[in-house]
Asks: 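Sending over a structure as structure tokens; questions will come in a sec.
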Amino acid sequence: MENIELSEQQWARPIVRAAAESSMLAAALDNDRYSYPRERHQRDSKPNLFDAIRHERPQLTLGQALREGIAIRDRMLTLYGRLREDILRDADDILHRYITGLDRIVSGNLTMATASSRYLLADSPYKIDTTLHPVDASTDPLPIPTIAWWWDHDPST
């Protein structure tokens, strides 16, 4: 795999950083979702998005926390799609290849999760489903201060 390095000028563009961070965090949250059924009952399970949501809002059922976590991920990935389109309008070859690399990370992660025995547990009541539409396609920023700035660079707002 090719190592693509952006120039300081490209990396200094907030929209590029927002796109990179939103796509990579969405992929990490996907991994939380795929790993959750397997890790949920392990003694040394790692903290994940769904546990954090239930910690903040203990009244939620597991199913509600899963849906909320997926909605957070969907909003990040929906934002990434809009940022991506805007960036690619005037991207040079290196930036175009970098964004293509981000696309491949996200799509490869999805493909692996739907086909890998690591995630597909025969005895698990949880199944990995893919849909064509996000659970939450809102264009409003997520109410998370450390990432809300990403939406400041959304061309649709």
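Counting from 1, the numbers follow the sequence of the chain as shown.
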Asks: Return yes if some donor-acceptor pair links the side-chain N/O of Glu56 with the main-chain N/O of Ile53 below 3.5 Å, else return no.
Replies: no
Asks: Quick check on side-chain contact (heavy atoms from CB on, under 4.5 Å): which of Ile4, Ile87, Asp90, Thr100 does Leu95 satisfy it with?
Replies: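 Looking at Ile4, Ile87, Asp90, Thr100, the match for Leu95 under the side-chain contact (heavy atoms from CB on, under 4.5 Å) is Ile87.
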Asks: Indicate if Leu60 and Val135 have the same hydrophobic cluster label, given that clusters are the connected sets of ILVMFWY residues with side-chain heavy-atom separations under 4.5 angstrom.
Replies: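 No, no single cluster joins them.
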Asks: Report the residues that fulfil side chain to side chain contact (heavy atoms under 4.5 Å, CB included) with Asp30, sequence neighbours left out, ordered by chain and then residue number.
Replies: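 By the side chain to side chain contact (heavy atoms under 4.5 Å, CB included) rule, Asp30 matches Arg33, Tyr34, Arg73, Asn109, Leu110.
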Asks: Is the shortest heavy-atom distance from the side chain of Arg57 to the side chain of Glu68 under 4.5 Å?
Replies: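 Of all side-chain heavy-atom pairs linking Glu68 with Arg57, at least one is under 4.5 Å.
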Asks: For a quick test of reading the model, state the closest non-hydrogen atom pair linking Ala71 to Asp136 and the distance between them.
Replies: CB-CB, 3.7 Å
Asks: Once you round to the nearest 0.5 Å, how far does CD1 of Ile15 lie from CH2 of Trp150?
Replies: 13.5 Å
Asks: Rounded to the nearest 0.5 Å, what separates atom CZ in Arg97 from atom CD1 in Ile99?
Replies: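 Answer rounded to 0.5 Å: 13.0 Å.
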Asks: Show your reasoning for whether side-chain contact (heavy atoms from CB on, under 4.5 Å) applies to Met76 and Ile147.
Replies: CA-CA 10 Å; Met76 286 179 189; Ile147 65 171; 3.5 Å; yes
Asks: For a quick test of reading the model, state the closest non-hydrogen atom pair linking Ala27 to Val106 and the distance between them.
Replies: CB-CG2, 4.5 Å
Asks: Using the test ring-ring contact (aromatic ring centres under 6.0 Å, His included), find all partners of Trp149 that sit at least two apart in sequence or belong to another chain.
Replies: His153
Asks: With rounding to the nearest 0.5 Å, note down the distance linking CZ in Arg75 to CD1 in Ile144.
Replies: 8.5 Å
Asks: Check Asp86 with Arg82, please: is the shortest side-chain N to carboxylate O separation under 4.0 Å?
Replies: no
Asks: What do the steps show when you test Leu77 against Ser22 for side-chain contact (heavy atoms from CB on, under 4.5 Å), and what is the final call?
Replies: CA-CA 7 Å; Leu77 200 55; Ser22 61; over 6 Å; no
Asks: Nearest 0.5 angstrom please: Leu83 CG to Trp151 CH2, how far?
Replies: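 One gets 9.0 Å once the value is rounded to the nearest 0.5 Å.
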Asks: Between Leu49 and Leu142, is there shared hydrophobic-cluster membership here, with clusters defined by ILVMFWY side-chain heavy atoms closer than 4.5 Å?
Replies: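 Result: yes, single cluster for both.
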Asks: Measure across Ala19 and Tyr80 and return the closest heavy-atom pair with its distance rounded to 0.1 Å.
Replies: O-CD1, 3.3 Å
Asks: Going by the rule ring-ring contact (aromatic ring centres under 6.0 Å, His included), which residues pair with Tyr98 if we only count those two or more places apart in sequence or in a different chain?
Replies: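 So Tyr98 forms no ring-ring contact (aromatic ring centres under 6.0 Å, His included) with any residue.
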Asks: Looking at Arg67, I'd like to know if its CZ atom is crowded, meaning that more than 12 non-hydrogen atoms belonging to other residues, nucleotides or ligands lie closer than 6.0 Å.
Replies: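 No, not enclosed.
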Asks: Please report the shortest heavy-atom distance between Ala148 and Pro141, naming the atom on each side.
Replies: O-CB, 4.2 Å
Asks: Say you draw a straight line from CG of Leu66 to CZ of Arg54; how long is it, rounded to the nearest 0.5 Å?
Replies: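 Between Leu66 CG and Arg54 CZ, I get 8.5 Å after rounding to 0.5 Å.
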Asks: About how many Å separate CZ of Phe50 and CG of Asp32, when rounded to the nearest 0.5 Å?
Replies: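 Answer for the CG-CZ pair, Asp32 versus Phe50, is 6.0 Å.
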Asks: Do Glu21 side-chain atoms and Ala18 backbone N/O form a donor-acceptor pair below 3.5 Å?
Replies: no
